Structure formats: structure tokens, C-alpha cells
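Bear in mind the structure is a predicted one, so any value in this text is a computation, not a measurement. Below, chains carry the letters A, B, ... as their sequence lines are ordered, and counting in each starts from 1. Computed over heavy atoms, backbone and side chain alike; hydrogens, waters and symmetry mates excluded.
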Protein chains: 2
Amino acid sequence: MKQQEGEIARLLAAAFQDEALYNAYYQVAEERVFRRGEVLLEQGKVCRHCYNIISGLVRVFYLKDGKDITTAFCFADDTVFSIESATRQTPCPETYEVLEDSVIEVIAFEDLNRLRQEFPVLEKVWTLSMEAYAIWLEERVYSMQFCSARERYQQLLQKYPEIILQARLTHIASYLGITLETLSRIRAQAG
Amino acid sequence: MKQQEGEIARLLAAAFQDEALYNAYYQVAEERVFRRGEVLLEQGKVCRHCYNIISGLVRVFYLKDGKDITTAFCFADDTVFSIESATRQTPCPETYEVLEDSVIEVIAFEDLNRLRQEFPVLEKVWTLSMEAYAIWLEERVYSMQFCSARERYQQLLQKYPEIILQARLTHIASYLGITLETLSRIRAQAG
DNA sequence: GCAGGAATTTGATAAATGTCAAATAAAATT
DNA sequence: AATTTTATTTGACATTTATCAAATTCCTGC
């Protein structure tokens with residue numbers, strides 16, 4: 001999961017003006033500092049918490065046949081959790097790894113689900129987030145379907161210019177669905 | 001958009017036991033027969049209706065640089081509309097084309113959104129559908145990211161064995177992100 | 001059943017990307 | 001600063017997939 005949409009941020013900001021909501025939320029949500037290399041959740045465990053990135057960078061990946069495959073990079077204002085694991089109580093297919101020291105707000109789904117029922121605006125935010133995530137995924141499928149490796153790399157750079165400074169090439173390559181060597185050659189040619 | 005998940009179907013079936021909901025819904029939802037080749041919605045127009053496929057087959061595609069690119073095949077029990085266009089009132093990025101004579105339930109978002117507010121169970125179904133769709137998309141990204149053309153073809157066949165009987169190879173090929181010729185060769189080799 | 005058009009297959013070749021191995025370069029550790 | 005480890009680049013070659021062209025097969029309307 002990953003989300004980043006202006007309207008949602010505004011709606012949330014407005015919602016937190018409500019003191020009752022604010023108090024109820026921060027009674028159960030906890031802001032924590034995670035160090036580079038720390039793992040928020042490991043592949044195979046059930047995802048029981050929702051992670052809101054306040055600042056920093058998180059990498060989503062899974063291990064398959066010994067290979068480490070990156071499925072997303074998540075930045076400030078993104079939300080990290082597994083929809084599948086959290087909603088169906090199944091093992092989480094991915095691991096969430098903190099790439100650089102990050103401030104992350106952690107809230108248990110047990111609490112969040114209760115708050116969603118209690119405060120309809122949070123339910124609304126949830127739904128809007130799902131919609132935004134689906135739209136983001138649609139774009140990603142499109143890009144995988146019809147763009148060459150070079151184009152995909154350029155799109156990534158355009159969207160997240162910082163990523164190149166913060167993440168390993170191996171991770172970026174697997175995110176793009178290409179090998180490390182191919183990515184290196186693409187970079188060598190046209191920056 | 002596309003969705004197909006057992007729990008949602010069951011929840012809906014239960015919800016429609018409620019006579020008030022049933023009546024309110026079928027006052028505005030209309031079941032129509034569409035003939036092969038008909039278009040539900042054209043790329044560029046705002047998506048104002050939600051299409052529930054009762055029976056038949058719908059292809060989702062868009063035109064880009066003169067090329068026709070398929071992004072989904074939708075079957076009975078799938079729901080067809082553009083999340084992006086419907087929620088943000090933006091031009092729909094895709095066209096929905098009926099591939100074979102189909103029975104499709106049409107409901108205007110104007111009505112559906114009102115019903116979602118009126119009957120919380122419908123709001124619940126909406127959210128679950130979004131979740132299911134996001135999970136479906138995640139699988140699709142994964143498949144595009146790490147599977148060869150042959151593997152993707154085999155996955156498609158396994159999931160939707162009928163598709164090969166109903167859709168053009170050109171459409172299937174663009175859905176898989178490969179050329180018509182490559183798909184033909186894959187088929188020639190290992191069924 | 002036949003003609004004409006559309007869909008699919010096949011062939012030859014080019015381009016993109018992957019694989020394996022080695023060489024540098026950069027970063028972390030002592 | 002020197003050493004060790006890790007990350008990235010480069011090279012040679014294999015594989016996959018695309019492209020263009022032609023041949024064949026399959027539909028469709030007559």
C-alpha cells in the first residue's frame with residue numbers, strides 16, 4: 001500500500017480539527033523513530049499495524065527464489081501496510097524496510113478499524129486512499145506494460161528525483177523489473 | 001476497474017434481502033442487453049455510470065499513438081467503470097467495448113453515490129471492491145515485473161481459460177504487453 | 001460453397017535485455 | 001590511512017522479444 005494524494009491530506013487535516021477525533025486517535029497512535037535498516041514488518045507475518053511515514057523512506061520488497069524484489073518506495077505522507085494481509089488476516093507477502101532514519105506513526109488496525117467506525121470521516125479517508133492507491137497501481141501497470149526500461153527509469157526519476165540518492169541500484173532495478181546491469185548501462189548512456 | 005471476490009458477492013446477496021434497498025436500487029439500476037461491438041463508454045468522456053456485468057464479456061482498452069492497447073477483460077460478476085474518471089470527474093482514460101452479446105446492469109453514479117450514503121452496506125461493498133481491485137492490480141504488477149511473456153500467457157489462460165475462445169490475439173497480446181507475433185509463437189510452442 | 005477481408009502464423013533479422021565474469025569505485029571498518 | 005566489504009560499471013555473449021514482410025488460415029457476407 002502506498003498513497004499520496006492532496007485531497008486526502010486536506011481532508012485529514014480538517015478532520016483532526018475535531019478534538020474528539022484528535023484525542024481518540026493519538027491515544028492509540030504512536031510516533032516512533034526507526035533507524036536505517038530496521039524492519040517494520042516481515043514477510044509472512046500478519047500485518048496488524050498501519051504505518052504513516054512522517055519523514056524518511058521505506059522500501060517494500062519480498063524474497064522470491066532467493067532474490068530480493070522491490071515493489072515500492074514509500075516517502076513522507078505515504079501510508080504503508082498490506083491491504084491483503086490486513087483485511088484478510090493472511091500472511092503479509094512483503095517486508096517493509098526502513099532505508100533511512102525515519103519518523104513513522106504507528107497505529108494498530110484493531111484501533112484504526114474501531115476509529116473508522118466511530119468517525120465516518122476516517123472511513124471516508126480510507127476509501128479515498130484505496131481509490132488513490134488503485135489509480136497509482138493502474139499507472140504502474142500501464143508503465144510496465146508499454147514502456148521500455150529506459151522510459152520507466154526516466155519516469156521514476158521524474159516522479160521521485162531523490163530516490164537515486166537514497167536507494168541502492170539493485171533495489172531500483174528490481175522495482176523497474178530489470179537487472180542491475182541493464183540499469184547501470186541505461187544510466188551510463190542518457191542520465 | 002474490475003472486481004471479482006466471493007465475499008463481496010455474498011455480502012451483496014445478503015444486502016439485497018433488504019426490500020427497501022432492493023427497491024431503491026432497482027428503481028435506478030437498469031438491466032440492458034448490449035450487442036457485440038457496442039461501446040459502453042468512450043475514452044475522453046467522463047464516466048457517469050457503473051456497469052455490472054451479469055453475463056458476457058467486456059474489453060477495456062485505450063488508443064495511444066494509433067495503437068489499441070487492452071488493459072483488462074471483464075467477465076460476469078465484474079464491475080466496470082473508471083475509478084479515476086468517476087471519482088474525480090476527469091476524462092475517462094479508457095474505452096469499454098462489449099466483445100460478445102452481454103447483459104449488463106447500468107446505474108448512474110449520481111444514484112449509486114446517493115444509495116451508498118443511504119445504505120451503509122453498499123458503502124462497505126464499495127470499499128471492499130476497491131480493496132479487491134487493488135489486490136488484483138498488485139498481482140498484475142507483480143506478474144508484469146517478473147514473469148516472462150510465456151509465463152504471463154499461461155497465468156492468463158489458467159485464470160480465464162475461456163478468454164482464448166472469445167478475444168482476438170491482438171487484444172490478448174497487448175494485454176500481456178507483448179506483440180501479436182510473439183504471442184502467436186508462444187502458442188505454437190507450448191499450448 | 002465461394003470471394004474477399006480479417007486474423008493468425010511463419011520467417012528473417014534487428015533491438016533490447018539478461019547472464020556471467022571481471023574490473024573499478026565507493027563505503028564501512030579497523 | 002589501510003583494509004575489507006559492498007556497490008557499481010564494463011565486457012562478451014546468450015536469450016528474449018520486436019519489427020517487417022509474406023504466407024496461410026479463418027470468418028463473414030453473399
Side-chain angles (χ1 to χ4, degrees), chain A residues 35-38 57 59 61 63-70 73 97-101 140-157 161-191, chain B residues 35-38 57 59 61 63-70 73 97-101 140-157 161-191:
Chain A
R35 299 251 153 248
R36 172 178 179 195
E38 275 192 81
L57 178 63
R59 182 173 76 98
F61 73 96
L63 296 173
K64 167 115 188 210
D65 310 330
K67 274 183 282 188
D68 170 315
I69 294 162
T70 300
F73 294 105
E97 176 200 21
V98 175
L99 283 192
E100 57 178 39
D101 296 358
R140 190 150 153 64
V141 171
Y142 161 82
S143 151
M144 299 297 294
Q145 212 172 348
F146 309 106
C147 301
S148 66
R150 160 163 298 110
E151 290 171 312
R152 275 175 277 151
Y153 174 66
Q154 285 164 346
Q155 288 164 11
L156 180 69
L157 267 197
E162 337 81 297
I163 195 65
I164 209 61
L165 306 167
Q166 298 165 305
R168 289 288 102 80
L169 278 204
T170 322
H171 300 156
I172 296 175
S174 72
Y175 176 77
L176 294 172
I178 60 180
T179 60
L180 168 63
E181 293 94 332
T182 298
L183 178 55
S184 176
R185 277 181 250 264
I186 286 173
R187 276 154 50 81
Q189 282 186 34
Chain B
R35 297 254 152 245
R36 172 179 178 193
E38 274 193 83
L57 178 64
R59 182 173 76 99
F61 73 96
L63 296 173
K64 167 116 188 210
D65 309 332
K67 273 182 282 188
D68 170 316
I69 294 162
T70 300
F73 295 105
E97 175 199 22
V98 175
L99 283 193
E100 58 178 38
D101 296 358
R140 190 151 153 64
V141 171
Y142 161 82
S143 149
M144 299 297 294
Q145 213 172 349
F146 310 104
C147 301
S148 66
R150 160 164 298 110
E151 289 172 312
R152 274 176 278 151
Y153 174 66
Q154 285 163 344
Q155 288 163 11
L156 180 69
L157 268 198
E162 336 80 298
I163 195 67
I164 208 62
L165 306 167
Q166 298 164 306
R168 289 288 102 79
L169 276 204
T170 322
H171 300 158
I172 297 174
S174 72
Y175 176 77
L176 295 172
I178 59 179
T179 59
L180 169 63
E181 294 93 332
T182 298
L183 177 56
S184 176
R185 277 181 249 267
I186 286 172
R187 276 155 50 82
Q189 281 186 36

- Message: By nearest atom, which of the nucleotides D:dT17, C:dT17, C:dT10 is closest to the B:Thr182 side chain?
- Response: D:dT17
- Which one, C:dT19, D:dT17, C:dT17, comes nearest to the side chain of A:Ala149? C:dT17
- Considering only heavy atoms from C-beta outward, does the side chain of A:Ile163 approach that of A:Tyr175 to under 4.5 Å? no
Mind listing the closest non-hydrogen atom pair of [X] and [Y] along with its distance?
X	Y	result
A:Ser174	B:Gln145	O-NE2, 2.7 Å
A:Arg36	A:Leu99	CG-O, 3.3 Å
A:Arg59	A:Thr70	NH1-OG1, 2.8 Å

- Message: Nearest heavy atom decides the nucleotide; on that basis, is B:Lys67 or A:Leu180 closer to the 5' end of DNA chain D?
- Response: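 It is A:Leu180, whose closest nucleotide lies nearer the 5' terminus.
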- Message: Please compare B:Arg168 and A:Leu169 by the position of their nearest nucleotide in DNA chain D and report the one closer to 5'.
- Response: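 Whichever sits nearer the 5' end wins; that is A:Leu169.
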Rounded interatomic separation in angstrom, taking [atom1] from [X] and [atom2] from [N]:
X	N	atom1	atom2	answer
A:Arg185	C:dA23	CZ	C1'	13 Å
A:Arg150	D:dT17	CZ	C1'	17 Å
B:Glu181	D:dA21	CD	P	12 Å
B:Ile178	D:dT16	CD1	C1'	11 Å
A:Ile186	C:dA16	CD1	P	11 Å
A:Met144	C:dT17	CE	P	11 Å
B:Phe146	C:dG18	CZ	C1'	14 Å
B:Arg36	C:dA6	CZ	P	14 Å

- Closest-nucleotide ordering on DNA chain C, the 5'-leading residue of A:Cys147 and B:Leu183: B:Leu183
- Ignoring backbone atoms, establish whether A:Arg187 has a side-chain N or O less than 4.0 Å from OP1 or OP2 of D:dT9.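 Checking D:dT9 against A:Arg187, a side-chain N or O does come within under 4.0 Å of OP1 or OP2.
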- B:Arg35/B:Asp101 ion pair, N-O < 4.0 Å: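 So B:Arg35 pairs with B:Asp101 through a salt bridge.
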